[in-house]
Every structure is written in structure tokens, then in C-alpha cells.
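Inspection log for the structure reproduced underneath, given as C-alpha cells.
Order of appearance sets the numbers: ligands from 1, and atoms from 1 within every ligand. Values below: all heavy atoms of this structure, side chains included; hydrogens, waters and symmetry mates excluded. None of these values were measured; they are calculated from a predicted model.
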Amino acid sequence: MAMASATAAAHPNLALVKYWGQVDPVLHIPANSSISVNLSGATTTTSVTFDAQLPADEVVLNGQPAEAPAQRRVSTHLDRIRDLAGVQSCARVVSENDFPTAVGIASSASAFAALSLAGSRAAGLHLGKRELSVLARKGSGSAARSIPGGFVMWTAGQEDTGSYAYQIAPQDHWDLRIVTIAFRAQPKEVSSLEGHRAAPTSPFYEARLRTVGITLDVVRRALLQRDLSALGMAAEREAMSLHAVAMTSRPDKQPWMSGIYYMEPETLRVIRAVQQWRQEGLPVYFSLDAGPAVHLLCEPAHLDDVTTALGALFEPRELWVMVSRPGRGAWVVENNLDPAA
Ligand code: PMV
């Protein structure tokens with residue numbers, strides 16, 4: 001292969017049942033299964049070109065050469081693809097997010113989903129959805145869930161090939177709106193990888209794992225029945241379960257921290273407001289990730305009321321808002337295997 005390239009795109013996803021804690025930190029085998037929805041409002045687009053002339057992998061992220069840790073993480077992922085395809089060449093990777101990286105929306109899910117699809121196609125592989133999900137998972141656990149479209153279950157599995165995500169309902173199954181609210185940029189003190197590692201030190205981790213099976217059933221049923229209040233209440237308790245574990249776990253690299261706090265005052269302000277809005281009759285529910293951003297779930301008919309209520313809570317310059325629908329799975333934008341190209 002002299003030169004072969006492919007471009008692929010993927011959305012990030014919001015977990016309704018969270019992935020928090022791993023049984024295998026190298027292969028990213030999670031301690032529990034999780035359920036998510038892809039976020040149509042944000043896209044990562046990634047091009048991969050294998051080029052026999054390149055002396056080393058080149059990685060450009062949002063127009064800038066990647067810093068060493070990101071470069072290594074991408075190269076390690078390219079090695080997985082090279083191993084699968086029997087390709088030796090180095091590659092040029094160019095990746096763009098159509099959303100500001102600085103607002104703190106986790107982009108590793110869309111990034112590793114798009115990289116897995118573009119990289120495997122450029123290497124001449126046509127992996128099935130399940131194999132692609134397994135591959136993306138090794139880049140970043142939650143990336144496994146950005147491969148299938150719509151509403152997705154990631155089955156934890158026991159070993160490498162058994163841990164993958166699949167669709168439980170297509171994106172047009174339920175015309176939900178997800179309003180993502182991010183606040184001013186601040187570097188994350190504790191990465192999700194460190195958070196996963198610290199989770200078992202929380203006394204509530206075992207309790208979470210004992211009950212998460214019931215939550216998976218409740219959320220799956222609520223999704224299939226399009227029951228927003230059942231889904232929303234379960235999603236809120238799930239988000240707080242992750243944070244309860246994080247706040248009571250001991251990060252090994254930050255001995256000065258008694259626990260991991262991802263929330264900011266603004267996060268709590270939205271949470272309290274959401275409960276009040278519901279009491280006043282507005283059906284809207286929240287979810288959180290391992291960061292200060294908040295995701296709100298509502299039906300399209302209530303979107304305007306939700307954004308108006310948010311507008312009354314913050315100055316426009318204080319926040320960044322993105323509205324999503326359930327999004328499609330990772331897709332190929334372009335694939336050129338012509339050696340003369
Ligand atoms: O894929 P990671 O290792 O960045 O973990 C993501 C963890 C959460 O976003 C907090 C929860 C989830 O299930 O996506």
C-alpha cells in the first residue's frame with residue numbers, strides 16, 4: 001500500500017446508565033454495562049492516511065500538532081489497527097471537532113470512534129459494527145458506544161471480544177432533545193481514567209454495582225416505552241450515583257484530595273432549578289458526566305421553555321449551550337484506497 005486514506009465522523013454520547021470503574025484498565029473492560037444516546041449536536045471528523053514515506057505518525061488535532069500524550073494515545077490506537085490489518089506504514093491523522101474543546105465536553109468518545117472507523121477503512125479493513133465497537137473501546141471505553149446509532153447498550157462482557165456496544169433502538173425511535181450546558185473552561189483536575197481507577201476505593205462502589213442491574217432494566221424499559229419521567233428520574237439518580245462514588249473515592253495521584261469533585265457551583269444551580277421547574281410543571285431532567293457540564297432531557301414541545309428558563313438563570317456569556325437529538329452511529333465520509341491517489 002503506497003498511500004491510502006479514509007475520513008470518518010462520529011458523535012459523542014451521553015450515558016443514561018454510567019460506566020464508572022473497570023475490571024480491566026488496559027482493555028477498558030467496564031465493571032458494569034451502560035446505556036447511552038448519541039448527541040447529534042457535536043461531531044468529530046477524522047482523516048487517516050497511511051503513507052509509506054512517513055518516518056513517524058503525525059497527528060493534528062483541531063489544527064494544532066498534538067501534544068505528546070495525545071500523540072502517543074493515537075499512535076497506540078493506530079498500532080492496534082496496523083496489527084489487525086498487517087500494515088506497517090505510518091499514518092497522518094487530522095481530526096477536527098465542530099464544538100469548542102475548551103468548554104469541557106468530553107470528546108474522547110467521538111474521537112476514538114471516528115479514528116477507529118477511518119483508520120480501519122484506510123488500512124483496507126471492513127470491520128463489522130461489533131468489531132469496530134471493540135476496537136473503539138480500547139481507545140476510550142465510552143467510544144464503544146459511539147459506533148452504533150441512536151440508543152445504545154454497552155454490554156460489559158468478561159473479556160475483550162465480549163465487551164461491545166449495540167443498538168437497542170434507532171435514533172428516530174424517540175424524538176428527544178438533549179440540551180448540553182457547559183460553563184467556562186477549566187482544566188480537569190482528575191481525568192476519567194483516574195476516576196475509574198479510584199472508584200473501588202469508595203465504600204459506595206459495591207452498592208452501586210449491586211443495584212446497577214436494576215437501573216439498566218428500568219432505563220431500557222423507559223426508553224423502549226418512551227416514558228420520559230421514568231427515564232429522567234433513573235438518569236438523575238444514576239448521575240448522582242457516579243458522583244457519590246467519585247466524591248467518596250481516593251484518587252492516588254492527588255493525595256491532597258479527600259474525594260473527587262467534578263461539580264461546580266453552576267452545576268448545582270442547574271440541578272436545583274431543574275427540580276423546581278418540574279415542580280412548576282415543566283418536564284425536564286438532568287444528567288451529569290465526570291465534569292461540571294449538565295445535560296437536560298426534554299420533549300421537543302418543551303425545548304423553548306427549557307432554554308428560556310436557562311436564560312433566566314445565567315448571563316449568556318456564562319454558558320455554552322448545545323441542543324442535540326438522538327444521533328446516528330459513526331459513519332464513513334470518504335474512503336480512497338487507490339494507490340495512485
Ligand atoms: O470513556 P472514558 O474512560 O472517558 O469514561 C467515561 C465516563 C463517563 O463519561 C463519566 C460515564 C460514561 O458512561 O460515559
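A donor and an acceptor atom, one from each side chain of S202 and S249, are nowhere located under 3.5 Å apart. At a cut-off of 3.5 Å, with distance as the only test, a side-chain donor of E194 or S191 sits close to an acceptor on the other residue.
From the protein, the heavy atom lying nearest to atom 8 (C) of ligand 1 is Y19 O, 4.1 Å. The closest protein non-hydrogen atom to atom 9 (O) of ligand 1 is D289 OD1, 3.8 Å. With respect to atom 4 (O) of ligand 1, the closest heavy atom belonging to the protein is S192 OG, 2.7 Å.
Y19 has its ring centre less than 6.0 Å from the ring centre of H196. Aromatic ring centres of F286 and H295: separated by at least 6.0 Å. Ring to ring, W331 and H11 are close: their centroids are under 6.0 angstrom apart.
Under a 4.0 Å N-O distance rule, the pair D172/R328 does not qualify as a salt bridge. Residues R92 and D57 are not paired through a salt bridge, judged by the lack of any N-O separation under 4.0 Å between the basic side chain and the carboxylate.
For ligand 1, one of its N or O atoms has an N or O atom of H196 under 3.5 Å away. Looking at W20 next to ligand 1, no N or O pair under 3.5 Å apart turns up. Taking any N or O of S142, backbone or side chain, at least one lies under 3.5 Å from an N or O belonging to ligand 1.
Taking the six-membered ring for Trp and thresholds of 30 and 60 degrees, F183 and F314 have ring planes inclined between 30 and 60 degrees apart.
Those atoms of ligand 1 with a heavy atom of A290 less than 4.0 angstrom away are 10 (C). Annotation for ligand 1: atoms under 4.0 Å from non-hydrogen atoms of L242 are 10 (C). Heavy-atom contacts of S140 reach the following atoms of ligand 1: 1 (O), 2 (P), 4 (O) (cutoff under 4.0 Å).
Only the side chain of A15 comes within contact range of ligand 1, with a heavy atom under 4.0 Å; no backbone atom does.
Residue R145 holds the heavy atom nearest to atom 12 (C) of ligand 1 of all those in K18, R145, Q22, R137.
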